Amino acid sequence: MPSSYQAPNRKSEGKTKTMSQSTDTNTSSDVATVQKVLDQKGGSVFSIRPQDTLGDAVKVLKERGIGALLVTDANGALQGILSERDIVRKLAETPGQTLPQQVSDVMTTKVQTCTPDEPMVSVLRRMTEGRFRHMPIADESGLIGMVTIGDLVNYRLTELEHEALQLKQLIVG
């Protein structure tokens, strides 16, 4: 009569166990970089000028279905970032007088950026600690894209789903 299966425990010896996820793989610097997310998402950069109005910005945000715009000068250099949250706060401060105001009066000027080779986990950590959801990506040539916290989470969830399917195939097949 065949013996029944018994799951390995701490005292088990012999077989090397493998796992798709561990603390090391979830926090390792070399697992996934911002470039991997950018490769999937694309490098579209939507921007506005500091002298444009918040009304102009709201139109672009709506038309593009995005939550933030980079604020750049005529040469494309980053001057700031304007998010839906910035606009809503200004609406609360100046009801009925907000949309004609200039972007430069409302934008966030201390913008954190990341590089394409930066580990996703460090970008997620900075976004979470700083309580912001959009981060421009820049390299030596200038702005090359923007990631959102949703982009990063979605990339990781897709990785986990892929790993789960691979494990399922190993177990079943």
Side-chain angles (χ1 to χ4, degrees), residues 24-163:
D24 291 337
T25 61
N26 281 332
T27 59
S28 174
S29 297
D30 61 2
V31 171
T33 62
V34 172
Q35 184 63 54
K36 290 182 180 181
V37 177
L38 194 58
D39 290 343
Q40 284 186 348
K41 177 183 179 173
S44 297
V45 177
F46 300 107
S47 63
I48 196 160
R49 301 281 182 261
Q51 64 273 15
D52 290 338
T53 67
L54 291 180
D56 296 331
V58 167
K59 287 176 190 170
V60 175
L61 291 169
K62 180 184 178 292
E63 289 169 2
R64 299 289 185 183
I66 55 177
L69 288 166
L70 298 179
V71 183
T72 59
D73 64 16
N75 297 322
L78 184 64
Q79 303 295 303
I81 191 167
L82 180 71
S83 71
E84 293 170 323
R85 185 182 292 174
D86 296 326
I87 296 168
V88 168
R89 286 181 179 149
K90 196 60 163 177
L91 280 167
E93 292 171 8
T94 58
Q97 305 165 27
T98 305
L99 296 180
Q101 294 182 42
Q102 287 190 338
V103 168
S104 60
D105 296 332
V106 181
M107 69 185 189
T108 301
T109 55
K110 294 180 182 175
V111 182
Q112 289 193 37
T113 63
C114 63
T115 61
D117 59 344
E118 191 166 341
M120 257 181 35
V121 69
S122 74
V123 173
L124 275 168
R125 190 170 289 122
R126 287 199 293 148
M127 292 172 91
T128 301
E129 289 170 0
R131 299 183 50 84
F132 55 90
R133 297 174 293 197
H134 302 84
M135 186 178 286
I137 308 165
D139 64 10
E140 58 281 343
S141 67
L143 293 170
I144 59 169
M146 182 158 53
V147 291
T148 68
I149 202 158
D151 296 331
L152 300 173
V153 169
N154 185 52
Y155 182 89
R156 187 66 185 127
L157 287 174
T158 302
E159 272 189 332
L160 291 172
E161 288 173 2
H162 180 70
E163 290 172 8

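No experiment lies behind these values; they were computed from the predicted model shown.
S83 and R133 share no donor-acceptor pair across their side chains, judged by distance under 3.5 Å alone. Counted by atom type alone, Q51 and S104 present zero donor-acceptor pairs between their side chains at under 3.5 Å.
Checked by atom type and distance alone, the side chain of T108 never pairs as donor or acceptor with a backbone atom of K110 at under 3.5 Å. For the pair K36 (side chain) and Y155 (backbone), a donor-acceptor distance under 3.5 Å is absent. A donor-acceptor pair under 3.5 Å is formed between the side chain of D73 and the backbone N or O of N75.
Residues M135 and C114 approach most closely at SD-CB, 3.4 Å, considering heavy atoms. Here the closest heavy-atom approach between residue P100 and residue T53 is recorded as O-CG2, 3.7 Å. L152 and M120 get closest at one heavy-atom pair: CD2-CG, 3.6 Å. For T98 against K90, the heavy-atom pair with the smallest separation is OG1-O, 3.4 Å. Between V111 and P136, the closest heavy-atom pair is CG1-CG, 3.6 Å. Here the shortest heavy-atom pairing between G145 and L38 reads CA-CD1, 4.3 Å.
Considering only heavy atoms from C-beta on, I149 comes within 4.5 Å of T128 through its side chain. Under the 4.5 Å side-chain criterion, counting only non-hydrogen atoms from C-beta, V103 is not in contact with P50. In this structure, L82 and L54 have side chains that are in contact, with non-hydrogen atoms separated by less than 4.5 Å. Looking only at side-chain heavy atoms (C-beta outward), L78 and V71 stay at 4.5 Å or farther from each other. In this structure, the side chains of L160 and E163 come closer than 4.5 Å at one or more pairs of heavy atoms. Counting heavy atoms from C-beta outward, D52 and Q102 have side chains that stay 4.5 Å or more apart. A heavy-atom distance below 4.5 Å is not found between the side chains of I81 and M107. Counting only heavy atoms from C-beta outward, the side chains of I137 and V147 approach each other to under 4.5 Å.
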List the steps, then state whether side chain to side chain contact (heavy atoms under 4.5 Å, CB included) holds for Q35 with D39.
-> CA-CA 6 Å; Q35 184 63 54; D39 290 343; 2.6 Å; yes
Do L61 and I87 pass the side chain to side chain contact (heavy atoms under 4.5 Å, CB included) test, and can you show the C-alpha distance, the side-chain angles, and the key distance before you say yes or no?
-> CA-CA 11 Å; L61 291 169; I87 296 168; 3.7 Å; yes
Steps toward side chain to side chain contact (heavy atoms under 4.5 Å, CB included) verdict (T94, Q101) = CA-CA 10 Å; T94 58; Q101 294 182 42; 3.1 Å; yes
Quick one: do V45 and I144 satisfy side chain to side chain contact (heavy atoms under 4.5 Å, CB included)? Show the steps, please.
-> CA-CA 7 Å; V45 177; I144 59 169; 6.0 Å; no
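The distance from the CZ atom of F46 to the CG atom of L70 is 10.5 Å, given to the nearest 0.5 Å. The distance from the CD atom of Q79 to the CD1 atom of I48 is 13.5 Å, given to the nearest 0.5 Å. Between atom CG of residue L91 and atom CG of residue L99 there is a gap of 6.0 Å, rounded to the nearest 0.5 Å. Interatomic distance, H162 NE2 to L157 CG, rounded to the nearest 0.5 Å: 14.5 Å.
Note on R126 versus E129: no salt bridge recorded, every NZ/NE/NH1/NH2 to OD/OE distance being 4.0 Å or above. Note on E84 versus K62: no salt bridge recorded, every NZ/NE/NH1/NH2 to OD/OE distance being 4.0 Å or above.
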